[in-house]
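Quick note on labels: first sequence line is chain A, next is B, and so on, each numbered from 1.
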Protein chains: 2
Amino acid sequence: MTAETPPAALGDAPNRGVLLRFAEHLPITDATPMISLGEGDTPLVKSTHIVRDIGCDALYFKLESCNPTGSFKDRGMVVAVAKAMEAGATAIMCASTGNTSASAAAYAARYGLGVYVVVPDGKIARGKLAQSAVYGAEIIAIEGNFDAALRVAREITAKHPIALVNSVNPFRIEGQKTAAFEIADALGDAPDVLALPVGNAGNITAYWKGFIEYHHRERTSKRPRMLGFQAAGAAPLVHGAPVEHPHTLASAIRIGNPASWKTAIAARDESGGSIDAVTDDEILAAYNRLGREEGIFCEPASAAGVAGLLKLVAGGASFAGKTIVCIITGNGLKDPETALKTEPPIHHVAAELGAIEREMGWS
Amino acid sequence: MTAETPPAALGDAPNRGVLLRFAEHLPITDATPMISLGEGDTPLVKSTHIVRDIGCDALYFKLESCNPTGSFKDRGMVVAVAKAMEAGATAIMCASTGNTSASAAAYAARYGLGVYVVVPDGKIARGKLAQSAVYGAEIIAIEGNFDAALRVAREITAKHPIALVNSVNPFRIEGQKTAAFEIADALGDAPDVLALPVGNAGNITAYWKGFIEYHHRERTSKRPRMLGFQAAGAAPLVHGAPVEHPHTLASAIRIGNPASWKTAIAARDESGGSIDAVTDDEILAAYNRLGREEGIFCEPASAAGVAGLLKLVAGGASFAGKTIVCIITGNGLKDPETALKTEPPIHHVAAELGAIEREMGWS
């Protein structure tokens with residue numbers, strides 16, 4: 001017991017925080033405010049059912065959905081916002097399909113910054129819109145897709161005194177790489193394979209950077225093969241050319257011209273991995289299996305990793321003997337409409353034992 | 001449905017898990033399957049703004065919203081489901097305002113159990129309904145409120161071979177008490193005050209049990225005052241009599257006849273605390289302040305603790321020098337409709353620098 005330690009000395013999240021926990025790996029100075037909203041240190045959970053169909057030794061899910069705003073974005077945002085505050089910024093801006101804006105708005109609210117989020121009009125999942133509204137962001141809904149939103153966000157922040165906190169901001173990648181450290185720490189080594197959805201391609205870039213750094217420091221014996229998966233209607237990295245009108249129900253990866261294109265390709269090639277496409281049907285099937293078989297409710301984009309692994313296995317790939325980690329990037333509650341697209345079977349009945357027994361066939 | 005072989009004792013969540021982490025404090029036997037969905041070890045986050053109005057030394061929020069299904073229910077559910085599996089159960093049932101059913105359904109999905117959730121028809125927040133649907137629960141929507149749902153769930157499980165996993169199941173309380181341990185571990189001692197919403201009263205019972213046990217083991221120097229808050233339209237513990245038609249927008253605490261009535265009163269009296277009522281307006285004001293000032297998006301019921309503290313301060317109470325922890329019981333994404341009840345101000349504009357500058361008044 002350390003009751004003599006005054007709580008004031010405990011920092012903004014006494015049992016958490018990407019900045020404090022991974023300070024030695026991050027671009028922190030004496031002037032960096034050690035802010036936190038309790039991000040990072042998310043659960044790593046073993047597959048109970050889907051592992052059998054993948055045929056690997058062990059399959060894990062990294063539940064980035066358990067971050068404070070419900071997605072992996074918080075890890076990078078805390079670094080980007082801290083560095084923006086260090087530089088004297090009083091307002092931040094991002095383009096977003098929804099997760100980035102929710103995260104930016106939460107940290108801005110907490111630390112008294114102005115926040116402007118540029119989103120594709122009418123293309124944001126309802127839960128994510130609710131988040132930005134509650135956190136008090138100024139929402140700029142543009143006629144156009146994510147790529148157009150990022151373009152104007154770059155133009156505005158180049159001209160006005162507002163810090164851009166998209167993943168083109170290198171501090172975002174620095175924070176996001178810490179998830180790789182956590183996975184290696186929990187497993188005792190890097191996994192053989194990392195599978196994840198790819199949209200703007202900042203996350204695959206960040207994981208690969210993290211695994212390389214940990215390997216250099218001899219914290220792991222190996223580096224994983226990086227298997228990225230894009231939605232078939234938004235798969236520029238698979239086709240090798242930007243997609244002008246990206247389309248997929250997985251709104252978080254509905255991106256036609258990824259900002260981190262080159263680094264994603266480098267992660268793929270240096271790791272001996274691949275970036276493949278999965279259809280919306282394959283994504284939805286994996287999304288439903290994650291819920292019904294693993295008890296994991298993720299946003300549709302998050303199911304791309306599982307969908308992709310199942311597709312590779314169906315195509316003849318073998319993962320025998322391998323340890324695989326799939327990244328669950330965001331919480332299913334961010335997109336309740338997809339979950340309720342098929343109205344669930346509900347038994348409407350009187351609050352009476354006999355009535356329920358008859359309805360359920362138990363009498 | 002058949003229960004499946006319990007998973008290997010290796011651990012279903014390598015960096016997490018209430019059962020493994022707190023085994024010595026829980027009713028675990030050699031036959032208890034050490035299941036996990038990555039529950040527990042949630043962030044404790046310091047207030048940046050509201051602390052000033054409370055006038056205490058430090059104010060923290062325990063983000064139980066970061067649990068795998070988005071509420072504190074996962075802590076108790078993992079113990080209840082493990083003990084049900086140990087006893088050979090192949091199906092579980094609960095009455096629920098939504099959070100308990102989501103949690104029960106997730107663990108049941110993961111471990112191959114049948115799951116029946118009894119809910120008040122039309123009274124479940126949309127996100128919570130989505131969760132039960134995705135996890136594949138059988139949803140029994142009864143004509144009546146939560147109290148009627150719990151009554152029939154008790155009757156059904158008394159007669160049929162289905163395990164009841166409501167908080168009348170003592171294993172639920174055992175699991176939930178572990179949040180008290182985590183708070184004491186993070187702060188180095190128990191806080192002076194614990195503030196939380198009270199509905200069915202299982203949680204205030206569990207926290208008090210946890211703080212008493214840790215104090216007995218000399219892990220803390222003190223025990224907190226327990227300050228519970230009910231919604232004004234559903235405040236049986238404040239009035240001293242059941243409420244036949246409980247009403248509040250905070251659906252998670254819309255309960256008229258709490259199952260853990262006596263233990264909640266004991267927690268109040270033994271701790272020198274209080275159980276008070278807050279209006280829906282006070283709850284909504286606190287809910288909005290948590291979002292806009294702290295970057296915390298919680299479900300409405302979760303704001304009752306902050307609403308109550310602000311009410312007590314307005315009434316003349318002083319918390320000078322105190323360390324206070326408020327429990328954020330559930331994620332705001334579970335109830336996006338409340339968040340979007342006031343349509344957020346959105347700037348609809350062309351994807352063009354000049355147009356945005358004119359719209360925002362920056363030109």
Side-chain angles (χ1 to χ4, degrees), chain A residues 1-3 5 7-8 12-16 37-38 43-46 48 63 66 68 70 106-107 109-110 121 126-127 130-131 133-136 139-144 148 152 155-156 160 186 291-295 297 331-334 336 339-340 344 346-351 353 356 362, chain B residues 12-16 37-38 43-46 48 58 63 66 68 70 106-107 109-110 121 126-127 130-131 133-136 139-144 148 152 155-156 160 186-189 221 291-295 297 323 331-334 336 339-340 344 346-351 353 356 362:
Chain A
M1 201 173 98
T2 53
T5 307
D12 281 6
N15 66 341
R16 264 301 187 302
L37 182 50
L44 187 70
V45 175
K46 206 169 186 175
T48 53
L63 303 188
C66 289
Y107 287 91
R110 191 162 161 73
D121 205 351
R126 193 153 176 83
Q131 290 185 289
V134 167
Y135 297 137
I139 301 170
I140 301 171
I142 57 117
E143 296 160 15
V152 294
E155 290 172 10
I156 294 165
H160 296 275
R292 281 170 189 265
E293 300 179 26
E294 304 285 352
F297 179 30
N331 195 317
L333 287 166
K334 285 173 171 266
L340 292 169
I346 298 181
H347 304 275
H348 299 274
V349 63
L353 177 61
I356 294 171
W362 294 339
Chain B
D12 280 7
N15 66 342
R16 263 305 186 298
L37 182 50
L44 187 71
V45 174
K46 205 168 186 176
T48 53
L63 303 189
C66 289
Y107 286 91
R110 192 162 160 72
D121 205 350
R126 192 152 176 84
Q131 290 185 290
V134 167
Y135 297 136
I139 301 169
I140 301 171
I142 57 118
E143 296 159 15
V152 293
E155 290 172 11
I156 294 165
H160 296 276
L187 295 179
D189 201 349
S221 72
R292 283 172 186 263
E293 300 179 25
E294 304 285 353
F297 180 29
T323 294
N331 196 318
L333 286 166
K334 285 173 172 264
L340 291 168
I346 299 181
H347 304 275
H348 299 274
V349 63
L353 177 62
I356 294 172
W362 295 338

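- The CG atom of A:Leu44 lies 11.0 Å from the CG atom of B:Asp12; values are rounded to the nearest 0.5 Å.
- Ranked by heavy-atom pairs under 4.5 Å with chain B, the first of A:Ala339, A:Ala133, A:Ala141 is A:Ala141.
- Contact count against chain A (heavy-atom pairs under 4.5 Å) is highest for B:Ala109 among B:Ala109, B:Ala106, B:Gly332.
- From A:Cys66, atom SG reaches atom CG of B:Leu37 across 8.0 Å, with rounding to the nearest 0.5 Å.
- Residue B:Glu293 touches chain A through its backbone alone, counting heavy-atom pairs closer than 4.5 Å.
- Annotation: the span from A:His347 atom NE2 to B:Ile140 atom CD1 amounts to 6.5 Å, rounded to 0.5 Å.
- Of the two parts of B:Ile356, only the side chain, counted from C-beta on, holds a non-hydrogen atom closer than 4.5 Å to a non-hydrogen atom of chain A.
- The structure places OG1 of A:Thr48 at 5.0 Å from CZ of B:Arg110, a figure rounded to the nearest 0.5 Å.
- The most heavy-atom pairs under 4.5 Å with chain B, out of A:Leu63, A:Val134, A:Asn331, come from A:Val134.
- Chosen from A:Ala186, A:Ala148, A:Ala130, A:Gly144, the residue pairing most often with chain B at heavy-atom distances under 4.5 Å is A:Ala130.
- With rounding to the nearest 0.5 angstrom, the CG atom of A:Leu333 is 12.5 Å from the CZ atom of B:Arg126.
- Note: A:Ala351 leads A:Ala350, A:Gly136, A:Ala351 in heavy-atom pairs under 4.5 Å with chain B.
- Both the backbone and the side chain of B:Ile156 have a heavy atom closer than 4.5 Å to some heavy atom of chain A.
- For B:Phe297, the parts sitting under 4.5 Å from any heavy atom of chain A are the backbone and the side chain alike.
- Two residues are said to be in side-chain contact when any heavy atoms from C-beta on lie closer than 4.5 Å; A:Val349 and B:Glu143 fail this criterion.
- Rounded to the nearest 0.5 angstrom, B:Ile346 CD1 and A:Asp121 CG are separated by 7.0 Å.
- Contact count versus chain A (heavy atoms, under 4.5 Å) is highest, among B:Gln131, B:Glu155, B:Lys334, for B:Gln131.
- The candidate with the highest count of non-hydrogen atom pairs below 4.5 Å against chain A, out of B:Pro14, B:Pro336, B:Ala13, is B:Pro14.
- With a 4.5 angstrom heavy-atom cutoff, B:His160 touches chain A only via side-chain atoms.
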